[in-house]
Structure formats: C-alpha cells, structure tokens
Amino acid sequence: MTNDSESDVDDTPVHRYGAALARSIEAKWQDRWETDRTFWTPNPAGRLLDEPNADRAALPKLFVLDMFPYPSGAGLHVGHPLGFIGTDVYARFQRMNGHNVLHAMGMDAFGLPAEQYAVQTGTHPAVTTEANITTYRRQLRQLGLGHDPRRGVSTTDVHYYRWTQWIFLQIFNAWYDRSADRARHVDELDAELGAGTRLPDDDGAPWAERNALERRAYIDSKRLAYVGEAPVNWCPGLGTVLANEEVTADGRSERGNFPVYKRPLKQWMMRITEYADRLLADLDDLDWTESIKLMQRNWIGRSEGARVDFEVVGHDQAISVFTTRPDTLFGATYMVLAPEHDLVDHIVPNDWPDGSDLVDVDTGRLGNWRGVFGAARTPAEAVHAYREFAAAKSDLERTSDSREKTGVFTGAFAINPTNGAVIPIFIADYVLMGYGTGAIMAVPAQDERDWEFAEAFDLPILRTVQPPDGWDGKAFAGDGPAINSHNDAVNLDGLGVADAKRTIIQWLETTGAGEGTVNYKLRDWLFSRQRYWGEPFPIVYDEHGPRALPESMLPVELPEIADFAPTTSDDPDALPAPPLARAEQWVDVELDLGEGPRVYRREVNTMPQWAGSCWYYLRYLDPTNEDAMVDRSTEQYWSRTPDGQLGNGTVDLYVGGVEHAVLHLLYSRFWHKVLYDLGWVSTPEPFQRLYNQGYIQAYAYTDERGMYVEASEVDERDSTFWHDGVEVKREYGKIGKSLKNVVTPDEMCEDYGADTFRMYEMFMGPLDQSRPWNTRDVVGVHRFLQRLWRNCIDESTGAARVSEASAPDELRRALHKTIDALRTDYPALGFNTAIARLFELNNALTKHVEAAGAAPREVAEAMILMVAPLAPHVAEELWERMGNHGSLAYSSFPVADPTLLIDDTVEVPCQINGKVRAKLVVAADIDATALEAAAKADPKVAEHLAGKTIVKAIVVPGRLVNFVIKP
RNA sequence: GCCCGAGUGGUGGAAUGGCAGACACGGCGGAUUCAAAAUCCGCUGCUCGAAAGGGCGUGUGGGUUCGACUCCCACCUCGGGCACCA
C-alpha cells in the first residue's frame, strides 16, 4: 500500500519524542560521553587515574561485571544485551548513589568459529575476529552502555594473552602443599626436599641420592599444570580433545554435537582436584543462587567413605576399592574391576579355576559366572573379548542400553577382609575407570546395580542391613540395623548405618585393611586443544620433557600459518594433529634456558577458550600494565568492601548466563584461588554475587510443510497466524537464523531508539527469567518516554516547560513513594517493578500537567534522575534542556523524605468471614479499638452483621478488619 | 531414575500470610482526523443480572489458619541439571 497523496499533512508536533528525535538525542549523548570521557573510571593511583573523575577514586568501589561476549560473525540479536543492559542500569544507579563503579566490556575472542570461518574462506582468524569485534562494539555503543572504554580487553590481544601465558607459568611453577592446604612455588618444594625437611612421597630413593633428571621428574609430577597421559575426550569431528565439562551426557561434544571417544593421550592437565574441597567449602560464602551452587557441588561430587584393600588369592598385590558404604563390607560377595583397570592383566590366571572347591558344580554357577564371554578357553581370552565388546560401545550406547549388566569372570578371587570369604573378581563396564579406584566391592543386598549384576550372574546375596517389614525383596539402600556383620574382632550387628560406618572404619584402620577417605567426581582439567586460534603455551620441550620459558621470553606469539584447520575426521582412531605443528619455522627454536643456546621444540597445542576468560576481570582493573598482570595496590583497591576490608570476592556483581554454571565459573574460581595462594590477588574468590539473567526467546512460525517462515512477516488474527495468506503454526524457541525469527537491537534502535529498547528489555519481566520477545509490546515503553518528554518539553517549541511552583501534596507524596520504591528495586535488580512505579508516577504527573499546564520542577527533575539509569540519553537531554549543565551521570539519586511516605489516612478492607465487604477510610494511626468501632459503624458492614453473632474479630491496625460471624 | 526451578486474565507480568490481577501489550468504546497512528480519554479476569448486587477464580487434590498465589503434604505438567559416580 502506498500513500502518495500530496495533500498529506503531517501534523505531528516538530518536537515530539519519536524514533527520529530519539536517534538524534542518542547520537549526541553517545558522542558527548565519549569526548567528555564521562565513564572513564579512575584507579586510586598509577595508570588510569585521569580527569575528569579522578576524585571519585575516594569513594567506595563497586565492580560490576558481565560475562564478556564471544564476538560472532552474526552480530547481536535482542537476546544478547539483556544482561548488559541490566548491569548498566545497576551501574548507573550506583554511580548516582556514591560509588566509584567499574564497568567495562571485553571480548572473549579466541575460539572455534573464527577458525572454522578461516578454514572455509581462507581469511585469517585475526581478521575475522577484528571485523566481528568492530561490529559488536558498534552495536554495543548504540545501546548507550556506560563502559570505561579503556578497560575492554580482548583475549586475542597479545598484550592480554601474554599475561594469560604468565598465569600459566605461575600454575606450572606451583605445587599443592597439602599440609598447608595451599599452592606454593615449586622452588620451595625443591628447597625443602634438598634440606631434608620434606621427604619425597613416591617410594623412590632418598632425595640426596637422586640425579638431576630424577629430581626434575619428581618436581614435574607435583606441578599444578602437568603433562599427563590419561583417557581423555577425543573428538575427531572437531579434531581436538575436550574437557569433561565440554562433553554432554550422551557422549557428544557440547559444541557441534560430534561423537567423543575416550582415548589415552598425553595432554596438559591442571590439578584442579587439589582444590576440590576449597571450591566446595567456599561456595557457602558466595551470594550465588542455590541452584548454581548445587550444580557446582554436584560436579565436584564429594563423597565420604572408605578405601578398603582386598587381597587377591595367590598374588601379593591387593585391589583397593572406594566405598561409601563400608558398613556393608560383610556383604561384599564379589568384586568388579573396570575393564581397563591396570590390575586385570596381573591377576588373570592361565586357566579357569577348578571350581569344585569354590562353587557348587551341580548348579553350574561357575558357568553362569563366565557369562557369554566365558565360552573362551582361557580367562585371558574372555577378558580380551569382553574388553573389545566394551570398547566398541560408544558412551551413548553404554548409557542407553537400558543398563543391562554385562561382564566376565576374570578367573581370579579376592578375600573379604572381614570374614575371609573367597569372592570372585569380575570385570564389567558398569564400573568406571574414571571414578574412585576403578574397582568396587559388590554388595548386592544393599546396592541396586550390584543386585542386578548378581542376579544376572547367579552370585550370592547376603543381607547386612535389615530391610523394613514388607520390603519387596530387592536391594535395600536405606537405613536400618546391621545384621550378619560380625567377626572375632568387630561386631556391627544392631548398629545403624552411620554408627556401623564409624565402627568398621576404625577396625579397618586398626587392621590396616583400609581407611576412611573422601572421594570426588571432579577430575583434573584437560587443558590442551589441537587448535590454531588460541593462546600458545609458554613451554618448550627438551629430550626429557617440558621446560617453562622464563617470563622474559613472553609473550609467545601465535605464528602465521597457511592452513588453520584442525585435522578433523570421522575415524575414532584418527590421531590429534595440532595445526601449530605445521609452523615448522616456529616449532624448532634455539634458546638459552640457562645451559647455553640449544634447540628446543615448542609446545604445539594451544590453550582452551576458557583460559582467557578465567581472569579477564583482573585485567579490567589495570589493562595497560606492561609490568604486571595487575598492580597490587590497584587490585587491593578494587577488592575492598565499603568498610575498607579486603572482600571475599573481587567482583561485586557478576551477571551472565546459567550455561557457565560449571565450566567458566569453576575454572575461574580455580585460577583465582591459585593466584590467591601465590599472593597475586587478595581475595579467595573472584565473584561475590552472581546473578543469572534469563534468556529472551522468540516466536517462530512453520507452514504446512513444517518449514520456518519469516517471523516478521506473520500477522495475527484472532489467535491464528497468517503468512502470505497461509495459516501458519506458532512455535517458540531460540532466536536465530534457522528459526527465521531474528530481531536485532539495530532494528529496535532504528524504529524506537535505544532508550525505548533498553527500557523494554528491563520491563519485560524479572531479569532472571526467560521470556518471549514481542516487538508489539515495545510501544508501551516508547509511549511512556513520549509522555515523560511531553510533560517536560513543549512539543511545538522544544523548550522546557516546567513551573517553579511547588507540587501539590498528593503528587509530592507519590514522588517520594516512587523514590523510596526505586531505592529498593534498583539494587535488587527489580527493574520491571521499578519501571511500573515510574509509569504510575508519570501517569499522575500527566494528569497534573494537563490541569496545571506545566510540571513542577521538583517532580520533573527527580523523575528525570530516576529514569536516567534506564533511559540515559533522553534523561541527559531533558536534564540539559531544563537548564542543567554537564552530564547527570554523577548527580545524586533522589532521596525520599520519610515524612512523606506515611499517609494521614489509609483505606482498610473490612472482611466478613474472609470476604471483603467494605473499605474503610480511616486515620493511618488509628488503634485497634477505634478501627473495630469504625468498621462496625460502616453501613455495609452493619448490614452484614445485623442479627448475627460475632464469633471473633481480627483487627490489624492499618491492614484489615475481619469479623467471623455465625447466624 | 535422582536433584533443582516454575505453573496467576487473551499476552508479558505484579502481589511472599491480610483488597489477587499493579504496570504494560492486545481488545472494545469514544475524541481528533479527508483518512490514519508509534496521538489523547474511558472500559476491559470469568460468570449470573436491566441494574443494584451476587457467585466463581492463582496447575490438581488435601491440610494448617479468622484469613493462603504465598506455609505444609501428595499428585500433574513444563523447563533445567546430573545420570551405572560405588
């Protein structure tokens, strides 16, 4: 439809607040903030102590942080900036509330997509990354976020990753002193070993008798960053190995959904397990949601129990198991090792045992034990066949195979230390090598899995906990008195589970058959990736192993190479091939590491994307420091609480998505604790208050073929949806190209302005909840800003229209109640209700302006200051037009007059039997007696009470009256 | 399977023991307009009633209480996390 009539008259007032005016105001103030350095946040000393805000360093600090974004090629959609706007509103409020607020935004710019794009197009990842960062910065700038532009570091910047490498060196050069329960420099370990004040704990020769290589191997084995050969998650589809945290429950890569295989490979590991206890315990002092704490607790997976050693018949090596139920030890009727357990090959006998003295040959039990694999002539063959069977199963099959128990008898036997019972040893894939010792004692009577296995293999079941009456007969894992659990030295019978555990652990420790222990699910962090676009390790190899480069040789810059692609494959047996290995000129390097110039080979793996994001918040504090990761006194300033004490966590408020619950947040806490132990930072935790913003999703529409149609072209008619004359079905999902439902901040800024967009995102609902985007609703907040503008500005002249007359009492009271509400809502991030309060006040102000012709200055100015955190551009403009000079960014937030918060009269509901029948207007300070009398005097109430008996009268002054009556 | 979280009008949501549905969208009616709306005003939970007024109502069923969206128990549905973790 075109409208080409020449006679069209646009009678919209010239100075009405619409999209065009909003855009011009926003551009003006964004430029002004930039040239005036409005959001340059001063450090107390040293670098970044600049005018114009230098004196603010004397104020209490507040460190507000967003999880920094990965700048993807697609740019931002409306879902991305939700948290960024939230922190900006909070930061702007706190600036007006007397804090020196640090708020900045960097870029987490290493990562796979740029590398994959590079592979497809031949563009260098650095070029792609820079272009994407430019787009992101432009998109973020137009939102009017009050970031300090000097602090927005990029992880790909060599001035940044030089310090990522430096931190790696700190970790590499540290070991965990369990007696002191903290990390220390390995030089101290070396010194103590040399002085004999500490003894090596590896059963090797005395320290003095070891040669230099042996000593080096020992020290290397203690480092917090080490090269380990362990079964790792190898993802040939991505051409790289992955951390446990990056693999989904069904055995696929979180990114790309490729199959992942366990393969023993030599890789860099970080000894995060040494911090398991502290990572767990220190959660208690953090202001995080319980659900995130719970996810971390579950991931760390601490469980208390015991290690028990079982002698193997005919061998001198014992099998150690971990159990959380040592109280059931008497009921252990067989053992199971993980198929890949080291001891399996040692204990497997040459031939199947002669079963005559061990089992009842008539029942054929030994045959059952052998299972389907036992047809093999020898145990070794059976074990081999089973291992092949188990290894061929992917993790997905292993979990989806309805958990049917499979396994094979090894032909070997162990001895139950409590009663000397000779029990068979199996291998089965329901025992995992990666947890505990990779071996279990099986107690079918009290463990469901063991019960299932025992049934399948016809193994004996001995109850050692009395199940309750009426128990249906399967494994009983609950509490109850111990039975069948005594020998000459210890008697558990009759004890409850907890007491029985305590007693048996004591016995185990006395006899040396075991000890109480704690076990964790958490594994060491696999830290190397076979990728190009990541931080190179500051490591070279000599013929004996890894050597750290000295700090003076940092940074180790990424070399230029022709082909960035990781070598990907469908073949699970393909080997990792790091792209950096192709940089032959770079790999072999002549260095003097103290023994004269020699040729070394560089580490060709790179660090995972998590490395750069582990510590970026620290670099925000001192981004230009070339001498240190962060200056100590600067770090301490930003770590102090308002009362001057060093805080528990450096960042006061951290906002980001819940998807980082165990990945980034665990790794980052770990690095921070290492840096804390080594004296580089002064708080034990990085993030004091964590807030998880929800997600914005959007409707998507499919036609009759199930194809997505462009969501912006769909019309709604009476709850049905139409695209191009065809009815379509509405769905709901992630914003993205594939669902054809992308809405960008750029469109919103174009159509309504950034202030409207910001405010709409904050008004949609509580910040921590997910909700659907609905462009139709945006107009509501736009109208609000338009009315606010009209209340302050003459739409025909553009001049301010305020009166110096004082506001009427009712309006003034409404103002102060709003101030009071906002001072509660803003710190609590309750922006949706804050906005509702502002709407109400503005509606009241509008009524007044309609009647009186102008807004009283006291109301208008307070209103502008209160709106400023949410809609800063229009607030600045109004503030200026009202005759104020300079930015309002640091103006004081209005303070409510407490005397105006209390009304003279209040409306009190009066209920009869819990139903509201009347509303009484009474003096606010009326007492109960008078209130009850007033209620009875109300004609409506009197009518209901007439002829009835009042059984009870509940009178709550100022709240309500309730009469309980009967006929 | 286990562990968390959430279910309120047509829609987003408000109210954390005391008037359910603030605020906003949409809808309806009116003003303005040749016509419009990113303008202004009014109404808008469902239901019975001409009205006055009444009844019902926060996933379902029970309970505690003078009073429950709110607290307790059981269940249903949806979302998230973990998943043979000994």
Side-chain angles (χ1 to χ4, degrees), chain A residues 3 5 7-9 11-13 16-19 249-250 289-295 297-299 301 303 305 321-325 328 336 398-399 401 403-405 428-432 434-443 446-450 452-453 519-521 658-659 661-662 716 718-719 751-752 756 760 763-766 768-774 776-784 786-787 790 795 830 832-840 843 846 850 907-919 951-956 958-965:
Chain A
N3 192 342
S5 166
S7 66
D8 269 11
V9 179
D11 58 358
T12 303
R16 172 162 292 173
Y17 184 83
D250 53 358
T289 58
E290 270 312 304
S291 67
I292 296 279
K293 288 188 185 183
L294 201 69
M295 279 191 237
R297 287 191 188 111
N298 288 343
W299 194 262
S303 51
V321 304
F322 172 75
T323 176
T324 55
R325 292 296 302 275
T328 64
V336 186
R398 217 162 145 158
T399 45
D401 270 4
R403 313 213 161 159
E404 198 181 313
K405 294 292 177 288
D429 65 0
Y430 85 93
V431 172
L432 309 173
Y435 184 75
T437 61
I440 62 157
M441 64 177 209
V443 188
Q446 275 85 230
D447 183 285
E448 205 179 312
R449 297 153 297 179
D450 296 344
E452 285 170 15
F453 191 86
N519 195 46
Y520 299 92
K521 251 169 78 176
V658 71
E659 71 272 19
V662 287
E716 180 177 355
D718 297 328
S719 308
D751 295 347
Y752 298 96
T756 297
Y760 172 63
F763 183 59
M764 291 168 81
D768 58 355
Q769 268 176 39
S770 295
R771 66 281 320 258
W773 176 267
N774 210 341
R776 194 176 69 179
D777 295 349
V778 175
V779 67
V781 285
H782 189 68
R783 280 182 196 147
F784 162 79
Q786 203 169 57
R787 281 173 208 157
R790 186 160 46 230
E795 287 190 329
N832 56 326
T833 48
I835 292 169
R837 297 286 94 77
L838 288 167
F839 279 6
E840 285 177 308
N843 290 344
T846 302
E850 276 168 10
E907 196 182 67
V908 176
C910 181
Q911 303 179 333
I912 312 290
N913 285 346
K915 288 190 195 302
V916 177
R917 297 299 182 184
K919 290 172 184 179
V951 179
K952 194 170 180 181
I954 294 98
V955 183
V956 185
R959 299 295 294 190
L960 98 167
V961 181
N962 185 14
F963 292 111
V964 184
I965 60 171

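Letters A, B, ... are given to chains in the order of the sequence lines, protein chains preceding strands, and every chain is numbered from 1.
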Inset, instruction - Among the candidates U39(B), A24(B), G12(B), find the nucleotide nearest to the side-chain atoms of F839(A). - result: A24(B)

Inset, instruction - Give N962(A) one of three labels, base, sugar-phosphate or nothing, depending on what nucleic acid heavy atoms sit under 4.0 Å from its own. - result: base

Legend entry - Separation of E907(A) CD from K919(A) NZ (nearest 0.5 Å): 5.5 Å

Inset, instruction - List for me each residue that meets side chain to side chain donor-acceptor pair (under 3.5 Å) alongside T846(A), sequence neighbours excluded, and say none if there are none. - result: N791(A)

Inset, instruction - Return the value, rounded to whole Å, for the distance between atom CD of Q769(A) and atom C1' of A6(B). - result: 8 Å

Legend entry - Distance test, side-chain N/O of R787(A) to OP1/OP2 of C40(B), below 4.0 Å: yes

Inset, instruction - Calculate the interatomic distance between N298(A) atom CG and G1(B) atom C1'; express it in whole Å. - result: 15 Å

Legend entry - Nucleotide A38(B), atom P - distance to OH of Y752(A) in whole Å: 8 Å

Inset, instruction - Between C78(B) and C41(B), how far apart are the C1' atoms? Round to whole Å, please. - result: 41 Å

Inset, instruction - Taking atom P in both U60(B) and G10(B), compute the distance separating them and give it to the nearest angstrom. - result: 14 Å

Legend entry - Whether H782(A) and Y17(A) hold their rings parallel, tilted or perpendicular, with breakpoints at 30° and 60°: tilted

Legend entry - Between P of C25(B) and CD1 of I835(A), the distance in whole Å: 13 Å

Inset, instruction - Using the P atom as the reference point in each nucleotide, state the distance between U8(B) and C69(B) in Å, no decimals. - result: 15 Å

Inset, instruction - Just call it for Q786(A): base, sugar-phosphate, or nothing, with non-hydrogen atoms closer than 4.0 Å on any strand. - result: sugar-phosphate

Legend entry - G29(B) to C76(B) separation - P atoms, rounded to the nearest Å: 46 Å

Legend entry - Residue whose closest nucleotide on RNA chain B lies nearer the 5' end, K952(A) versus E290(A): E290(A)

Inset, instruction - Take R297(A) and E290(A) through the salt bridge (charged side-chain N to carboxylate O under 4.0 Å, His left out) test and state the conclusion after the steps. - result: CA-CA 10 Å; R297(A) 287 191 188 111; E290(A) 270 312 304; 3.5 Å; yes

Inset, instruction - Quote, to the nearest angstrom, the C1' distance that separates G21(B) from U58(B). - result: 9 Å

Legend entry - Separation of the C1' atoms in G17(B) and G81(B), to the nearest angstrom: 32 Å

Inset, instruction - Ignoring backbone atoms, test whether K919(A) places a side-chain nitrogen or oxygen under 4.0 Å from the OP1 or OP2 oxygen of G18(B). - result: no

Inset, instruction - Output the single nucleotide from C23(B), C84(B), A86(B) whose closest atom is nearest the side chain of F763(A). - result: C23(B)

Legend entry - Shortest side-chain distance from P766(A), nucleotide among G10(B), C66(B), A14(B): A14(B)

Inset, instruction - Could you check if the base of G80(B) is syn or anti? Syn means the glycosidic torsion is within 90 degrees of 0. - result: anti

Inset, instruction - Would you tell me if any nitrogen or oxygen in the side chain of S303(A) comes within less than 4.0 Å of OP1 or OP2 on A86(B)? - result: yes

Legend entry - Sugar-phosphate, base or nothing in reach of A953(A), heavy atoms under 4.0 Å: nothing

Legend entry - Distance in Å, N962(A) CG paired with R917(A) CZ, rounded so as to fall on 0.5 Å steps: 11.0 Å

Legend entry - Phosphate OP1/OP2 of C19(B) contacted by Q911(A) side-chain N/O (<4.0 Å): no

Legend entry - Steps toward ring-ring contact (aromatic ring centres under 6.0 Å, His included) verdict (Y760(A), Y752(A)): CA-CA 10 Å; Y760(A) 172 63; Y752(A) 298 96; 9.0 Å; no

Legend entry - Earlier contact from the 5' end, RNA chain B, for R917(A) and D777(A): D777(A)

Inset, instruction - Examine G26(B): is either OP1 or OP2 under 4.0 Å from a nitrogen or oxygen in the side chain of R783(A)? Give yes or no. - result: yes

Legend entry - Euclidean distance, atom CH2 of residue W299(A) to atom P of C82(B) [Å, nearest integer]: 6 Å

Inset, instruction - For C23(B), take OP1 and OP2 only and decide whether either is under 4.0 Å from a side-chain N or O of R837(A). - result: no

Inset, instruction - Classify the nucleic acid contact of K915(A) as base, sugar-phosphate or nothing, counting any heavy atom under 4.0 Å across all strands shown. - result: sugar-phosphate

Inset, instruction - Identify whether any heavy atom of L294(A) sits under 4.0 Å from a base atom; if not, whether one sits that close to sugar-phosphate; answer base, sugar-phosphate or nothing. - result: sugar-phosphate

Inset, instruction - On the 0 to 90° scale, with breaks at 30° and 60°, tag the Y430(A)-F453(A) ring pair as parallel, tilted or perpendicular. - result: tilted

Legend entry - I954(A) CD1 - G17(B) C1' separation (whole Å): 13 Å

Inset, instruction - List the atom of D450(A), the atom of I440(A), and the distance in Å for their closest heavy-atom pair. - result: OD1-CD1, 3.5 Å

Inset, instruction - Give N843(A) one of three labels, base, sugar-phosphate or nothing, depending on what nucleic acid heavy atoms sit under 4.0 Å from its own. - result: sugar-phosphate

Inset, instruction - Give the nucleotide from the list A38(B), G18(B), A86(B) with an atom nearest to the side chain of V956(A). - result: G18(B)

Legend entry - Distance, rounded to the nearest Å, where E850(A) contributes CD and U39(B) contributes C1': 12 Å

Inset, instruction - Among the candidates C19(B), C23(B), U39(B), find the nucleotide nearest to the side-chain atoms of V916(A). - result: C19(B)

Inset, instruction - Round to a whole Å and report the spacing from NZ of K521(A) to P of A86(B). - result: 8 Å

Legend entry - R790(A) side chain near C40(B) phosphate (N/O to OP1/OP2, under 4.0 Å): yes

Inset, instruction - Answer with base, sugar-phosphate or nothing: what part of the nucleic acid does D450(A) contact at a heavy-atom distance below 4.0 Å? - result: nothing

Inset, instruction - Ignoring backbone atoms, test whether N832(A) places a side-chain nitrogen or oxygen under 4.0 Å from the OP1 or OP2 oxygen of A22(B). - result: no

Inset, instruction - Take atom P in C46(B) and the same atom in U39(B), then report the distance between them in whole Å. - result: 25 Å

Legend entry - U70(B) and C3(B), which share atom name C1', separated by this distance in whole Å: 24 Å

